[in-house]
Amino acid sequence: MDELKEFAYMDEAIPIGYEQTISQPSLVLEMTLAIDLQHDVKVLEIGTGSGFQTALLAAFSNAVYTIERIAALHERAKERLDEAGFSNIHFKLDDGSNAWEESAPYDRIMVTAAAAQVLPSS
């Protein structure tokens, strides 16, 4: 949202660069409510993007493991969330297709990214 601050209070998807968007805030809220966060849960998020959804997940859970495939978005979100004081977020630069197996299991999983195909479960 750095370059598009005039759109910060609009309830619609907004571009964040690299042909990506941040979901409209009402959808982010609905997705967050749908996974029934508790303060003792561990969450995997695939698709960090701007870090907006990540911040909400971190505020209402024990730990968030978030994966982003675009290096510039990954770095900006990490900087932003570190500066905001979040200490329960773990970041990974990857395409997310193999999740984050070394940190599994997770209590909740949120996918905020598109996938070219659904991989078979192992």
Taking S50 for the side chain and L73 for the main chain, is one N or O donor matched with an acceptor at less than 3.5 Å? no

Drop me the distance from W100's CH2 to I46's CD1, to the nearest 0.5 angstrom. 11.0 Å

Only counting residues at least two apart or in another chain, list the ones meeting side-chain hydrogen bond (donor to acceptor under 3.5 Å, both in side chains) with T54. E45

Any donor and acceptor pair, going by atom type alone, linking the side chain of E68 with main-chain N or O of H74 inside 3.5 Å? no

Could you list the donor-acceptor pairs under 3.5 angstrom formed between side-chain atoms of residues 23-35 and any protein atom two or more places apart in sequence or on another chain?
unit_1: Q24; atom_1: NE2; unit_2: S26; atom_2: OG; d: 2.9
unit_1: S26; atom_1: OG; unit_2: D11; atom_2: OD1; d: 3.1
unit_1: S26; atom_1: OG; unit_2: D11; atom_2: OD2; d: 2.8
unit_1: T32; atom_1: OG1; unit_2: V28; atom_2: O; d: 2.8
unit_1: T32; atom_1: OG1; unit_2: Q53; atom_2: NE2; d: 2.6

Please report the shortest heavy-atom distance between G47 and T112, naming the atom on each side. O-OG1, 2.6 Å

Checking R108 side chain against D36 main chain: does a donor-acceptor pair fall under 3.5 Å? yes

Which residues pass the salt bridge (Lys or Arg N to Asp or Glu O under 4.0 Å) test with E102, not counting sequence neighbours? K92

Identify, with sequence neighbours excluded, every residue that meets salt bridge (Lys or Arg N to Asp or Glu O under 4.0 Å) alongside D94. none

Can you tell me how far apart CD1 (I67) and CG (L93) are? Round to the nearest 0.5 Å. 10.0 Å

Under the 3.5 angstrom rule, does the side chain of D107 hit a backbone N or O of K42 as a donor-acceptor pair? yes

Non-hydrogen side-chain atoms of Q20 and R69 separated by less than 4.5 Å: yes

Distance col, row I16:CD1 vs R76:CZ, nearest 0.5 angstrom, shows 7.5 Å

A side-chain contact here means heavy atoms from C-beta on lying under 4.5 Å apart; do F91 and D82 qualify? yes

What residues, two or more places apart in sequence or in another chain, satisfy ring-ring contact (aromatic ring centres under 6.0 Å, His included) together with Y106? Y65

Residues forming a side-chain hydrogen bond (donor to acceptor under 3.5 Å, both in side chains) with D95, sequence neighbours excluded: S97

